[in-house]
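Have a look at the structure below before the remarks.
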Amino acid sequence: MSMQVGGLAIIHASPIPPKPTRIILAEFKKMGVKVRYLPIQAISLYLSPYGSYVSVGGKKLELRGALLRGIGFSLTLEQFFIRIGILKYLESEGVRFVNKVSSLLRTRNKLETLIALYRAGLRVPTTLATESLKRMYLGAKALGDVVLKPVMGSRGLGSVRTNDADVAFQIVKTLSSFNQPPLLQEYVEKPKRDIRAFVIGGEVVACMYRYSRGSWKTNVAQGGIGAPLNPPEEVKEMALKCLEVLELDYAGVDIAEGKEGFYVLEVNGSPDFEELSRVSGLNIAKLLAEYFLSVLKR
Ligand SMILES: Nc1ncnc2c1ncn2[C@@H]1O[C@H](COP(=O)(O)OP(=O)(O)O)[C@@H](O)[C@H]1O
Ligand SMILES: [Mg+2]
């Protein structure tokens, strides 16, 4: 089957496509749909009194839709502004992004995400955001078992757990001296696992437990291992609500089973899916590719 939708891309920040992106590209290829990979750094925007255009490698870029898989990590504010400026220009010109630019951005900002979820009445861990060392120290003392978490991070990288307020203090002090103040969060007492719910287009397509191995983090990137899960209705509803609140087309929702009930830890707007595909037996990349095309036809 061949389909002509024209001008499709997967956008990410690395010069060559990372593995999940390569898997999605392969699915498009199998479907006979042409989708190119675009590193975000390769896109240029030209604005003039006579008109404007976006180009790649000196050639004008005609896009209809883009699967936005990332904007990069460890960015300077300047890189961030240029990348977001160009993406938002494209979006305002009618390019359909999956996920939408501002929605993906919000998921990159763990604080903004938590605020939005909290406002919507979802249970999130007690969190302290401050640049005050003193407040952090007092917060760590009050909360006891805490996690210090990068406000922009993924794969469990860089999060630290301690129940010693002085250790927390030293970590926050050091990070702050590099202008990278973290978030302080209560450690949610949970089994040696959490739940990953994967939602596409308003439907929970797959769920799994992620069991941690030798760490309090359950990320697959930290050695976590998936196991099948037929999620309770409450988990499904929570996950769906997260996507609704954050206006996401698709996402992976991390849910912890705390003593008081389920907590949303994080919503990932460009989630990996290899482990979930393995555990669920579903071809998640294919589902994503199909969803992307269906959105463009609307
Ligand atoms: N407050 C918390 N309480 C208990 N476990 C947590 C907490 N925050 C994170 N974790 C564990 O660490 C993992 C990574 O944290 P998360 O917030 O999902 O960030 P990311 O996956 O982007 O690095 C979670 O999947 C969970 O297993
Ligand atoms: Mg996570």
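When a ligand or atom number is given, it counts from 1 through the structure's own listing order. Starting from 1, each residue takes its place in the sequence as its number.
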Every pair of nitrogen or oxygen atoms between ligand 1 and the protein that is under 3.5 angstrom apart - can you list them with their distances to 0.1 Å?
{"from": "ligand 1", "atom 1": "1 (N)", "to": "Q185", "atom 2": "OE1", "distance (Å)": "3.1"}
{"from": "ligand 1", "atom 1": "1 (N)", "to": "E186", "atom 2": "O", "distance (Å)": "2.8"}
{"from": "ligand 1", "atom 1": "3 (N)", "to": "V188", "atom 2": "N", "distance (Å)": "2.8"}
{"from": "ligand 1", "atom 1": "5 (N)", "to": "K190", "atom 2": "NZ", "distance (Å)": "2.8"}
{"from": "ligand 1", "atom 1": "8 (N)", "to": "K149", "atom 2": "NZ", "distance (Å)": "2.9"}
{"from": "ligand 1", "atom 1": "17 (O)", "to": "K149", "atom 2": "NZ", "distance (Å)": "2.6"}
{"from": "ligand 1", "atom 1": "18 (O)", "to": "D254", "atom 2": "OD2", "distance (Å)": "3.0"}
{"from": "ligand 1", "atom 1": "18 (O)", "to": "E266", "atom 2": "OE1", "distance (Å)": "2.9"}
{"from": "ligand 1", "atom 1": "19 (O)", "to": "K110", "atom 2": "NZ", "distance (Å)": "3.4"}
{"from": "ligand 1", "atom 1": "21 (O)", "to": "N219", "atom 2": "ND2", "distance (Å)": "2.8"}
{"from": "ligand 1", "atom 1": "21 (O)", "to": "E266", "atom 2": "OE1", "distance (Å)": "3.2"}
{"from": "ligand 1", "atom 1": "22 (O)", "to": "K110", "atom 2": "NZ", "distance (Å)": "2.7"}
{"from": "ligand 1", "atom 1": "22 (O)", "to": "G153", "atom 2": "O", "distance (Å)": "3.2"}
{"from": "ligand 1", "atom 1": "22 (O)", "to": "E266", "atom 2": "OE1", "distance (Å)": "3.3"}
{"from": "ligand 1", "atom 1": "22 (O)", "to": "E266", "atom 2": "OE2", "distance (Å)": "2.8"}
{"from": "ligand 1", "atom 1": "23 (O)", "to": "R155", "atom 2": "N", "distance (Å)": "3.4"}
{"from": "ligand 1", "atom 1": "23 (O)", "to": "G156", "atom 2": "N", "distance (Å)": "2.5"}
{"from": "ligand 1", "atom 1": "25 (O)", "to": "D194", "atom 2": "OD2", "distance (Å)": "2.9"}
{"from": "ligand 1", "atom 1": "25 (O)", "to": "R210", "atom 2": "NH2", "distance (Å)": "3.1"}
{"from": "ligand 1", "atom 1": "25 (O)", "to": "T218", "atom 2": "OG1", "distance (Å)": "3.1"}
{"from": "ligand 1", "atom 1": "27 (O)", "to": "K190", "atom 2": "NZ", "distance (Å)": "3.3"}
{"from": "ligand 1", "atom 1": "27 (O)", "to": "D194", "atom 2": "OD2", "distance (Å)": "3.0"}
{"from": "ligand 1", "atom 1": "27 (O)", "to": "T218", "atom 2": "N", "distance (Å)": "3.1"}
{"from": "ligand 1", "atom 1": "27 (O)", "to": "T218", "atom 2": "OG1", "distance (Å)": "2.9"}

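E275 and R278 are joined by a salt bridge, as a carboxylate oxygen and a charged side-chain nitrogen come within less than 4.0 angstrom of each other. E237 has no carboxylate O lying under 4.0 Å from a charged side-chain N of K241, or vice versa, which leaves the two without a salt bridge.
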Q) Hey, mind stepping through K100 and E247 against salt bridge (Lys or Arg N to Asp or Glu O under 4.0 Å) and telling me if it holds? A) CA-CA 8 Å; K100 301 222 170 76; E247 294 172 51; 5.9 Å; no
**Q.** Stepwise side-chain hydrogen bond (donor to acceptor under 3.5 Å, both in side chains) check, Q185 with T127
**A.** CA-CA 4 Å; Q185 204 162 65; T127 300; 3.0 Å; yes
Q) When you look at R210 and D254, which way does the salt bridge (Lys or Arg N to Asp or Glu O under 4.0 Å) test go after all the steps? A) CA-CA 9 Å; R210 286 185 311 188; D254 293 344; 3.2 Å; yes
Q. Are K30 and E27 close enough, and set up right, to give a salt bridge (Lys or Arg N to Asp or Glu O under 4.0 Å), and what steps lead you there?
A. CA-CA 5 Å; K30 273 191 229 159; E27 286 304 326; 3.0 Å; yes
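Side-chain contact between M238 and V253: absent, with no pair of heavy atoms (C-beta onward) separated by less than 4.5 Å. Residues R96 and V98 are in side-chain contact: their nearest non-hydrogen atoms beyond the backbone lie under 4.5 Å apart.
Within the protein, the N, O or S atoms sitting under 2.8 Å from the Mg ion (ligand 2) are D254 OD2, E266 OE1.
Inspection of the R123 and Y263 side chains reveals no N or O donor paired with an N or O acceptor under 3.5 Å.
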